Colleague: 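The structure follows.
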Amino acid sequence: MTRKIQFREALNEAMCEEMERDQRVFLMGEEVAYYNGAYKVSQGMLERFGPQRVVDTPISETGFAGLGVGAAMYGLRPIIEFMSWSFCLVAADQIINNAPKMLYMSGGQFKVPIVFRGNNGAGGQLGSTHSWAVESMFSCVPGLKMAIPATPRDAKGLLKSSIRDDDPVFFLESERMLGLGSRGDTDFSRYLSGRWAPPTVEEDADFLIPFGQAEIKKEGKDCTVVALGRTVHFALEAAEQLEQEGIDVEVVDPRTIRPLDIETILRSVRKTNYCVIVDECWPFASIASEIAAQVYEGAMDDLDNKVIRVNNDDVPAPYARHLEQEMLPHARKIVEAVRAATYNS
Amino acid sequence: MTITTAPPSGAPASDRPSPAPSDALDAKALLGLLEQMLLIRRFEERCAQSYQQAKIGGFCHLYIGQEAVAVGSIAAVRPEDPIITAYRDHGHALARGMDPRHCMAEMFGKITGCAKGKGGSMHMFDKPHHMYGGHAIVGGQCPLGVGLAFGIQYNKEDKVCLCYFGDGALNQGAVHEAMNLAAIWKLPILFVVENNLYSMGTHIARGTSMADNLAAKAGAYGMRYAECDGMGVLKVYDCFKTEADRTRAGEGPCFINVETYRFKGHSMSDPQKYRTKEEVEEFEEQDCIQRLRRRILNRKMATEDQIQAIDDKCKKLAIEAVKFADESPAIGVDELYTDVYSQPFGPYKLGQPAEGFRE
């Protein structure tokens, strides 16, 4: 496949295709229209769909997140963009009380087909208030679904599925990934060769990646590394280093947290007998903690060592560049974790 | 006591047309309003009784005293106009046409409840009657109401959303964000403050700036303001008829301050130390049911016997609602995992709409 697109282009393609397909779909958020998106994800969409369907909001997350929920109850299919998931916290009541519980509280009468999407995790020296990774905070809420794509291909396929889903979806992107694929690199990682870009709309207008299907981003036999979103790329970088040390890592990307495809993870662990889990949130009650618990529950007898988690350090995100780098999960931490997990340290 | 109702200084109040819209209501229509208010009153009395018998759990907020607000406003709009309200929601549900049996069964936690017993007293949802719920986080329903109005505008429909909240919600950020969005986009929504003077036990003057001039709050958003006597169902009807028509005609949102009073406590567990018996009695003299009753009798639109017959009917309906709820099967444990997702996975199952709510 010769097609190369950036992560942000994949998101744009997904939204445009679904808006062409379904008149009920609209995009709303701060600077999505006239500014063409704070991160240019919605570039050109105002011109294409008009201000009724690509709607700039004031800085008013509670207002427009709640508006989206009400509009979804009314039968529309909103895409609500948070410039950053860090900013969703002021709208917590709308996104975790109203969106995911409406169907249940109404005894099945009101579904809420809405997508909340935006940048998650550290953007780069933004300090702690802007560097939230919200997956561990919200993934415990029954009624919502959550996707964390790692490649443009996954971003497009999962976002299209999210927009077509009848339930509220929390779609977590990363500012640091939006430009992936723009630097002339073939596939960012050689392990992703051929699995980088999604098909074009002409090739497949219904290119969807279903929720609850993990993808093995790199096959290997010596140690399972479970990673999500941006950390998939750190895991692949680590895998390249470890390959030189003779350790053949298998990188499993769950792609969605709710539902979580634990079976694919367990299958991998049963094969490799070792497990490292990487995510971009804080260690206490993190996604890695949950997956580790499920790995112990499902593959205890297949493990030849304890499961090792690689998370953010358990501190607020610092501003100073080198401190922030140290605090986040990165390839060196993963390399060290895999060595320790496989008794190679 | 009442708060001063100074003439609004923000956006101009609507000019009351003369004759008033309610002048066109005939005896049948007025008796219909009376019946709705009586039904709510009698229903709520049975709720209180059932709560004391521990058949209803959780929090339960009665609408007694405020009946004219839901009845008058809902009568003034069309059945397909969406409504959304807060947790004191039984009255709105009944005024909108929810079967009182389904409303009571919901509070009893029965499968025949409007939400199968999954919502309870504070979460009355009725999709066929365009009731988008009672909502229990104060002010949290206002952005949702704006979303309903956005949907109306998006679909280019000729509807108006009624979004109710209490005076206690006036100080929640969600309400102000909702009002701002409605104002900048001229959304078809009426923000209805059911101003019963107390947010739980805190008098509006203690917790809300400009409490004697809520028009200023509407004015801050460049929004139309109206106010009406919420103890008079025809006053409410006239106000809402006028403002709903204006909003339907494209004049944008309106903020309506409905001055009302609840005769009972905030919830079932409220010793009411924050107000005097004299104050309650003063408002009870303004009881919306008695006022409409007197008007009907004065105008000889019905006899005392006929009105008594309506009251007897409402009492019977309330008793029947309790009986129905009592005798209905409890929601089964097999429903625990239904209705969590529309497109379920893993342990979750797709539910069926509750009885009486199938589309």
Side-chain angles (χ1 to χ4, degrees), chain A residues 23-24 26 28 52-53 55-76 78 90-91 93-94 97-114 142-145 161 164-168 210-212 256 258-262, chain B residues 82 84 106 111 113-120 123 125-128 132-133 135-137 139-155 161 173-174 176-181 184-185 187 331 335 338-346 348 350-354 357 359:
Chain A
Q23 291 295 311
R24 296 170 301 174
F26 67 91
M28 175 176 276
Q52 269 72 47
R53 298 184 69 198
V55 187
D56 274 333
T57 66
I59 300 169
S60 185
E61 280 85 2
T62 291
F64 68 78
L67 184 156
V69 177
M73 290 172 75
Y74 197 71
L76 303 183
V90 295
D93 180 44
Q94 299 301 327
N97 246 336
N98 285 341
K101 297 175 184 170
M102 204 64 73
L103 186 74
Y104 200 77
M105 286 205 310
S106 67
Q109 293 182 74
F110 288 102
K111 60 183 184 182
V112 181
I114 191 169
L144 61 80
K145 294 175 180 172
S161 289
R164 294 189 194 185
D165 202 288
D166 278 344
D167 294 307
F211 274 47
T256 62
R258 260 186 184 271
L260 175 69
D261 178 7
I262 191 65
Chain B
I84 188 163
E106 180 61 28
I111 187 74
C114 63
K116 302 182 185 176
K118 291 181 174 181
H123 307 111
F125 290 86
D126 187 356
K127 194 172 184 185
Y132 285 78
H135 295 270
I137 302 294
Q141 77 277 17
C142 292
L144 303 182
V146 168
L148 300 174
F150 182 87
I152 292 169
Q153 189 182 70
Y154 191 93
N155 292 343
C161 172
H176 292 271
E177 295 196 23
M179 286 174 63
N180 183 59
L181 293 179
I184 58 174
W185 294 327
L187 296 176
I331 182 167
E335 286 277 352
T338 62
D339 306 315
V340 183
Y341 292 95
S342 292
Q343 291 171 235
F345 58 87
Y348 302 106
L350 194 59
Q352 293 293 322
F357 287 86
E359 284 177 85

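As the structure is a computational prediction, the values presented were derived from the model and not from experiment. All chains are named by letter (A, B, ...) in the order of the sequence lines, taking the proteins before the strands, and each is independently numbered beginning at 1.
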Colleague: Please confirm whether the backbone N or O of B:S342 pairs with a side-chain atom of A:D167, one donor and one acceptor, at under 3.5 Å?
Modeller: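 Yes, because the side chain of A:D167 sits within donor-acceptor range (under 3.5 Å) of the backbone of B:S342.
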Colleague: Please state whether the side chain, the backbone, both or neither of A:L76 comes within less than 4.5 Å of a heavy atom of chain B.
Modeller: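 Side chain only.
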Colleague: Taking all atoms of both residues into account, what is the closest heavy-atom pair of A:G143 and B:Y341, and its distance?
Modeller: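 That would be N-OH, 3.1 Å.
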Colleague: Kindly give the heavy-atom pair with the smallest separation between B:L144 and A:Q94, and that separation in Å.
Modeller: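 Heavy atoms only, the tightest pair is CD2-OE1, 3.7 Å.
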Colleague: Please report the closest heavy-atom contact between B:A115 and A:S106, naming both atoms and the distance.
Modeller: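 Closest approach of B:A115 to A:S106, heavy atoms only: CB-C, 3.5 Å.
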Colleague: For the rings on B:F345 and A:F211, is their centre-to-centre separation under 6.0 Å?
Modeller: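 Not close enough - the centres of the two rings lie 6.0 Å or further apart.
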Colleague: Under 3.5 Å, side chain of A:Y104 to main-chain N/O of B:T338, donor-acceptor pair present?
Modeller: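 No, because the side chain of A:Y104 does not come within donor-acceptor range (under 3.5 Å) of the backbone of B:T338.
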Colleague: Between B:L148 and chain A, with a heavy-atom cut-off of 4.5 Å, which part of the residue counts as in contact: side chain, backbone, both or neither?
Modeller: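 Contact with chain A: backbone and side chain both.
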Colleague: Looking only at heavy atoms, which two atoms of A:P142 and B:Y348 are closest? And how far apart?
Modeller: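 Minimum heavy-atom contact is CB-OH, 4.2 Å.
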Colleague: Measure the spacing between CG of A:L103 and CG of B:L350 and express it to the nearest 0.5 Å.
Modeller: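 Reported value, rounded in 0.5 Å steps: 8.0 Å.
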Colleague: Give the member of A:Q52, A:R53, A:E61 that has the highest number of heavy-atom pairs under 4.5 Å with chain B.
Modeller: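 The candidate making the most pairs under 4.5 Å is A:R53.
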Colleague: Please name the pair of heavy atoms, one in A:D93 and one in B:G140, separated by the smallest distance, quoted to 0.1 Å.
Modeller: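 Smallest heavy-atom distance, with atoms named: OD2-CA, 3.7 Å.
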Colleague: Can you tell me how far apart CG (B:L181) and OG (A:S60) are? Round to the nearest 0.5 Å.
Modeller: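 The CG atom of B:L181 sits 4.5 Å away from the OG atom of A:S60.
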Colleague: Starting at CG of B:L187, measure out to CG of A:L67 and round the result to the nearest 0.5 Å.
Modeller: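 B:L187 atom CG to A:L67 atom CG measures 7.0 Å (nearest 0.5 Å).
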Colleague: For the backbone of A:G107 and the side chain of B:E335, can you confirm whether one donor and one acceptor N or O come within less than 3.5 Å of each other?
Modeller: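 A pair under 3.5 Å: no.
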Colleague: Measure distances from A:V55 to the heavy atoms of chain B and classify the residue's part below 4.5 Å as side chain, backbone, both or neither.
Modeller: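 For A:V55, the contact with chain B is made by the side chain alone.
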Colleague: What part of B:H135 is in contact with chain A, defined as an atom under 4.5 angstrom from a non-hydrogen atom: side chain, backbone, both or neither?
Modeller: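 Only the side chain of B:H135 comes within 4.5 Å of chain A.
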Colleague: Have a look at B:Y132 and tell me which of A:M73, A:M102, A:Q109 forms a side chain to side chain contact (heavy atoms under 4.5 Å, CB included) with it.
Modeller: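 Among A:M73, A:M102, A:Q109, the one that satisfies the side chain to side chain contact (heavy atoms under 4.5 Å, CB included) with B:Y132 is A:M73.
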Colleague: Among A:K111, A:R258, A:K101, which has the most heavy-atom pairs under 4.5 Å with chain B?
Modeller: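 Ranked by contacts with chain B, first place is A:R258.
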Colleague: Do the side-chain N and O atoms of B:Y154 and A:R24 include a donor-acceptor pair separated by under 3.5 angstrom?
Modeller: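 No, because no side-chain N or O of B:Y154 sits under 3.5 Å from a partner of the opposite role on A:R24.
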Colleague: Need one label for B:I152: side chain, backbone, both or neither, based on atoms under 4.5 Å from any heavy atom in chain A.
Modeller: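 Interface part for B:I152: both.
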Colleague: Kindly give the heavy-atom pair with the smallest separation between B:P143 and A:G63, and that separation in Å.
Modeller: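 In this case the closest contact between B:P143 and A:G63 is CB-O, 3.8 Å.
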Colleague: Out of B:Q343, B:Q153, B:M179, B:K118, return the one with the most heavy atom pairs under 4.5 angstrom to chain A.
Modeller: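 Max contact count across the listed options: B:Q343.
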Colleague: Counting heavy-atom pairs closer than 4.5 Å to chain A, which one of B:P344, B:G151, B:C161 comes out on top?
Modeller: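 The candidate making the most pairs under 4.5 Å is B:G151.
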Colleague: Which answer fits A:N98, side chain, backbone, both or neither, if we ask what part of it has an atom under 4.5 Å from a heavy atom of chain B?
Modeller: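 The side chain, not the backbone.
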Colleague: Please classify the contact between A:L260 and chain B as side chain, backbone, both or neither, with a heavy-atom cut-off of under 4.5 Å.
Modeller: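 Nothing of A:L260, per the 4.5 Å heavy-atom cut-off to chain B.
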